[in-house]
Engineer: 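First the structure, which I've put down as structure tokens, then a few questions once you've had a look.
Values reported hereafter were calculated over all heavy atoms of this structure, with side chains retained and with hydrogens, waters and symmetry mates removed. Residue numbering restarts at 1 for every chain, and letters A, B, ... go by the order of the sequence lines.
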Number of protein chains: 2
Amino acid sequence: MRTAAGNAELALLLEVAGTPKPGNVDRHRDLDDLRFEHFLAGAVGARDGLEMAAEGAAVGPAFERAVEGMAAQGGGNTQFGALLLLVPLVRAAREDLSQPVAESVVERTTVADAAAFYRAFDHVDVFVSEPPADLEPLDVRRGSDAVPALEQRGLTLLDVMDRSVPGDDVAREWLTGFERSFAAAERIAAADGPVADRAAATFLSLLAERPDTLVAKRSGEGVAREVTERAAELRESAADRERVEAFADDLVARGINPGTTADLTAAGLFIALEREAVDV
Amino acid sequence: MRTAAGNAELALLLEVAGTPKPGNVDRHRDLDDLRFEHFLAGAVGARDGLEMAAEGAAVGPAFERAVEGMAAQGGGNTQFGALLLLVPLVRAAREDLSQPVAESVVERTTVADAAAFYRAFDHVDVFVSEPPADLEPLDVRRGSDAVPALEQRGLTLLDVMDRSVPGDDVAREWLTGFERSFAAAERIAAADGPVADRAAATFLSLLAERPDTLVAKRSGEGVAREVTERAAELRESAADRERVEAFADDLVARGINPGTTADLTAAGLFIALEREAVDV
């Protein structure tokens with residue numbers, strides 16, 4: 001019987017193992033400076049922060065600890081967004097891993113949680129958009145330097161997430177009761193075969209539904225929409241694995257990495273594992 | 001900075017990620033009932049027992065806990081032998097990860113450690129040879145039922161390992177100050193490229209040196225010798241990856257899995273990570 005922290009770590013590992021996962025590192029695809037092994041080390045490093053959440057620590061400090069451990073590998077940011085979903089979900093699992101409980105966990109976050117979230121950016125480079133001028137003091141890239149501004153405005157971590165929507169579909173989960181994470185879990189449970197294969201199929205289905213917000217930030221909304229349309233075509237035509245592999249190769253060659261969709265997949269894997277809806 | 005327990009878990013993950021690793025599951029090869037994801041779950045499950053060893057618990061109970069957690073997945077025995085190497089090495093790392101300290105850790109094992117080792121067999125099916133008739137009461141397949149006989153004879157865990165040599169090259173490490181584990185660490189450190197690739201190359205070099213004892217037990221010594229001779233040829237001719245892949249496919253097709261060599265590779269990875277001789 002795995003603990004919630006163990007299931008969360010395993011979710012990170014199964015997510016990156018699932019292949020083909022178009023555009024992302026998976027067990028058949030390394031990028032130049034970001035390799036499969038960096039994700040293995042990132043998952044192992046995140047464990048202590050995940051344990052903190054499982055033991056009832058506040059979301060912010062547990063997240064900061066998880067990110068600090070995740071970042072102790074040479075690939076940079078491997079699983080920041082996934083941890084931003086997993087930490088509140090692990091915290092919810094202490095009580096009941098349901099949408100209402102997950103919602104109440106994020107509603108209870110405080111200014112101190114927001115401060116810890118900002119400090120997490122001191123540990124790792126995360127790709128984010130330029131903030132509007134009036135939000136410059138709250139630019140997450142300022143890391144802990146932004147904490148005074150945050151405290152002055154009295155923003156909780158949920159408030160911070162609220163300000164990132166639309167445009168960041170990880171933050172959106174915080175505002176919607178982790179809607180797509182729970183939907184992903186159901187698809188993973190309903191699919192057949194090895195769990196890593198189910199994760200890859202679920203990734204494609206999520207990508208087909210909504211443009212990936214990391215792709216939109218990095219490559220523009222037009223590219224993000226194009227990627228989603230191609231994913232939807234592959235889904236609708238029940239494309240064979242070869243066509244999905246070709247799509248994956250094309251995205252990797254163009255440097256398009258749907259990271260937000262991978263984060264949602266990891267969250268769905270955790271929910272499915274924790275509810276024992278899948279067995280590994 | 002990863003903890004010793006984190007490095008040991010990461011060693012298990014990097015070992016199974018390394019490809020091609022002829023005859024074994026790796027990130028490009030699943031067997032029918034034993035898949036890559038079972039090894040991921042096995043590594044995650046072993047973490048608590050590895051933490052026990054890192055915190056100074058006795059070797060036997062830490063090993064039993066690690067095996068119990070490792071076995072909580074559907075693939076069966078994924079990493080029993082690797083844990084039998086990693087647990088005393090993690091325990092040694094509290095003091096100094098050197099051959100003399102590792103030797104003193106195993107010399108200090110007790111009858112209670114031996115009893116916990118036998119109890120570990122209650123959690124998982126491990127492939128072992130038939131014991132000679134006079135050792136039948138100590139057959140490890142009896143699991144905890146063998147504990148009274150063990151206590152009556154006053155055997156420590158090191159004594160039990162001593163009785164498994166020759167014929168079991170994991171046990172042999174306990175008697176030789178973990179000679180090949182430390183040699184593997186040096187090869188991993190001296191190699192180039194991603195750590196998982198170094199692990200695969202080191203696996204082949206270990207296989208080329210001595211017949212794998214798990215292969216010998218399962219398929220006979222003739223087969224084990226043949227596998228080692230073919231590995232040595234590939235090493236001597238600096239064979240390209242394609243030939244090593246063909247060798248890997250052939251062994252998988254014949255159901256020949258050099259598991260002991262994989263165990264030694266995992267131990268070498270842990271030593272190299274813990275000494276910071278490699279970076280992930």
Engineer: To the closest 0.5 Å, what do you measure between CZ (F39(B)) and CG (L13(A))?
Structural biologist: 14.5 Å

Engineer: At what distance, to the nearest 0.5 angstrom, does CG of D197(A) lie from CG of D30(B)?
Structural biologist: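 Going from CG on D197(A) over to CG on D30(B), the span is 8.0 Å.
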
Engineer: Distance-only, no hydrogens or angles: does the R2(B) side chain make a donor-acceptor pair with backbone N or O of G45(A) under 3.5 Å?
Structural biologist: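 Absent.
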
Engineer: Can you tell me if D250(A) has over 12 outside heavy atoms packed within less than 6.0 Å of its CG?
Structural biologist: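 Atom CG in D250(A) is packed in, count exceeds 12.
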
Engineer: Quick check on the interface: out of V280(A), L14(A), L40(A), who has the most heavy-atom pairs with chain B under 4.5 Å?
Structural biologist: V280(A)

Engineer: I'd like to know whether R47(B) forms a side-chain contact (heavy atoms from CB on, under 4.5 Å) with V44(A), so could you lay out the CA-CA distance, the side-chain angles of the two residues, the decisive distance to 0.1 Å, and finally the verdict.
Structural biologist: CA-CA 9 Å; R47(B) 175 74 169 249; V44(A) 169; 3.6 Å; yes

Engineer: For atom CG of D125(B), decide whether the heavy atoms of other residues, nucleotides or ligands shown that lie under 6.0 angstrom number more than 12.
Structural biologist: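 No.
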
Engineer: Can you tell me which of E68(B), H38(B), H28(B) forms the most heavy-atom pairs within a distance under 4.5 Å of chain A?
Structural biologist: H28(B)

Engineer: Once rounded to the nearest 0.5 Å, what's the spacing between atom CD of E51(B) and atom CG of D48(A)?
Structural biologist: 6.5 Å

Engineer: Under 3.5 Å, side chain of E37(B) to main-chain N/O of V195(A), donor-acceptor pair present?
Structural biologist: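 Yes; at least one donor-acceptor contact below 3.5 Å.
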
Engineer: So does D33(A) have more than 12 non-hydrogen atoms from other groups sitting under 6.0 Å from CG?
Structural biologist: no

